[in-house]
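Notes for the one structure printed next.
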Amino acid sequence: MRIAPLLVFLGALQVASAAHAQEAQISDKARAHFQAGVNLMQDPDGARYQEAYREFSAAYADSPSWKILGNLGIAAMKLERDGEAITSFEKYLQEGAAALTPEESAQFQRDLDTLKAGVVRLTIDVNEPGATLIDERLPVTGSAVRNSYPVTGQRLEIGVRSGRHKIVARLTGREDAVWELDAVSGVAQSHSFVLKASAAPAGSSGQTTRPVPTGVWVGLAATGAFAIGAGVVGGMALGKNSDFQDANNGGNESEAQDLHDSVNTLNLVTDILIGAAVVSAGVTTYLYLSRPKVDVAGSGWIRVQPELGLNAGALRVTGAF
């Protein structure tokens, strides 16, 4: 890390040089971002270059002064965003030539020459605008180095460090596209990404559900009605059978015969209702188990759910259209 350039820059912010009266004025907001970046680069636990890079970038976006570019270039270089580091160092040396000390100029020029000697220029086209490129360099030893680049249009030109790279093009609603390459110092390469629609239909969340069809609820209602009917008629049959026993024991044959016929009829009706309840339950079970899957967001659907309490019951209807 270059401590001296940081200190020189902080001092330079306090003095307005007549020779640079036309340069961009640095706002308080940009000063705050810059100071945050300096603090992150000088963190006692180790320089935090990723966060410092974001702070210096925010400072330069707010106030595009050459004075910010030295530290922005250092952070970019440490992150292996070599193309950005080269651009920052070139502008820093050119626009700040009159203000930099010979020692500072020499140090930045050495870093610039080193970066230019090893940079690999990549030209990347994407068939759709708005994608993000995720570059991952896979070193022989150590952790992978990852950088993310937004593609505002359909072409991006970046400078990366030599080595094995895996570049992923990513865009919402499209499948990731991957380019793997061996980047050789000084050898430019190009690639065109063709992003394809995701496997899930447009507008689909990729999630499915198995809503219960209306036929199941109708079947449950019918099964319940048949079962209740069988219980009621069966109770009536028991009552008639008791009356039949009394009449038969009392010697009233005519009344006993009528009651016997009624008991038989009620028993028959009970058997029919029980059979209907069993058939209805079987059909309902089949409909429930064979219900199809549907895309939650891909098409309209209605779901009916029972809600039972101690003293009341209801059906809740939900859906999407």
Side-chain angles (χ1 to χ4, degrees), residues 1-2 5 41 47-54 56-57 60-61 64 66 68-97 100 104-171 174-196:
M1 182 175 64
R2 306 292 187 269
M41 290 180 74
R48 295 155 61 180
Y49 291 112
Q50 187 69 56
E51 296 163 81
Y53 170 81
R54 287 196 292 266
F56 292 138
S57 296
Y60 190 74
W66 67 269
I68 299 173
L69 292 173
N71 294 330
L72 177 58
I74 292 171
M77 179 177 64
K78 293 294 185 180
L79 295 173
E80 299 191 8
R81 304 175 76 98
D82 290 356
E84 295 177 33
I86 290 171
T87 299
S88 296
F89 285 165
E90 286 179 336
K91 294 185 67 175
Y92 184 71
L93 289 169
Q94 178 183 357
E95 298 179 19
L100 297 177
E104 290 173 326
S105 295
Q107 179 62 67
F108 277 102
Q109 188 62 55
R110 283 195 295 271
D111 288 341
L112 178 58
D113 292 341
T114 300
L115 287 170
K116 284 185 173 180
V119 70
V120 180
R121 297 289 182 177
L122 302 180
T123 301
I124 301 172
D125 292 311
V126 186
N127 65 321
E128 296 189 45
T132 297
L133 298 183
I134 302 169
D135 173 33
E136 180 179 70
R137 188 175 74 85
L138 307 172
V140 177
T141 60
S143 302
V145 179
R146 295 180 181 86
N147 283 295
S148 178
Y149 300 90
V151 186
T152 54
Q154 292 180 263
R155 168 167 289 189
L156 180 69
E157 296 180 353
I158 58 176
V160 301
R161 199 156 299 182
S162 60
R164 182 66 178 174
H165 287 256
K166 176 182 178 181
I167 300 178
V168 178
R170 183 165 294 164
L171 181 65
R174 298 291 183 266
E175 294 181 355
D176 288 354
V178 180
W179 176 34
E180 296 190 26
L181 69 148
D182 290 312
V184 180
S185 298
V187 180
Q189 296 193 49
S190 62
H191 183 77
S192 295
F193 282 110
V194 177
L195 299 178
K196 300 178 181 179

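Quick note: residue numbers are just sequence positions, from 1. What you see below is based on every heavy atom in this structure, not just the backbone, and it leaves out hydrogens, waters and symmetry mates.
The closest donor-acceptor contact from the side chain of Glu90 to the backbone of Leu112 lies at 3.5 Å or more, if one exists at all. The backbone N or O of Leu79 sits nowhere less than 3.5 Å from a side-chain atom of Arg161 that would complete a donor-acceptor pair.
In this structure, Arg174 and Asn127 have side chains that are not in contact, with every pair of non-hydrogen atoms separated by 4.5 Å or more. The shortest side-chain heavy-atom distance between Arg137 and Val160 does not fall under the 4.5 Å cut-off.
Between Arg170 atom CZ and Leu195 atom CG the span is 11.0 Å, to the nearest 0.5 Å. Separating the CZ atom in Phe193 from the CG atom in Leu133 is a distance of 6.0 Å, to the nearest 0.5 Å. Put simply, CD1 on Ile86 and NZ on Lys116 are 7.0 Å apart, with the number rounded to the nearest 0.5 Å.
Relative orientation of the Trp179 and His191 rings is parallel, given thresholds of 30° and 60° on the angle between their planes.
No more than 12 heavy atoms of other residues, nucleotides or ligands shown are found within 6.0 angstrom of CZ on Arg155.
When each of Ile74, Asp113, Leu72, Leu69 is paired with Phe89, the side chain to side chain contact (heavy atoms under 4.5 Å, CB included) condition holds for Ile74 and for no other. Checked options Asp135, Leu138, Leu122; the residue passing with His165 is Asp135 (criterion: side chain to side chain contact (heavy atoms under 4.5 Å, CB included)).
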| query | What do the steps show when you test Glu128 against Leu171 for side-chain contact (heavy atoms from CB on, under 4.5 Å), and what is the final call? | reply | CA-CA 9 Å; Glu128 296 189 45; Leu171 181 65; 3.9 Å; yes

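Scored by the side-chain contact (heavy atoms from CB on, under 4.5 Å) test, Val178 finds Lys166, Val168, Glu180 as partners (sequence neighbours excluded). Taking Thr114 as the reference, nothing meets the side-chain contact (heavy atoms from CB on, under 4.5 Å) condition, with sequence neighbours excluded.
Within the cation-pi definition used here (under 6.0 Å to the ring centroid, within 45° of the axis), Arg81 does not qualify as a partner of Tyr49.
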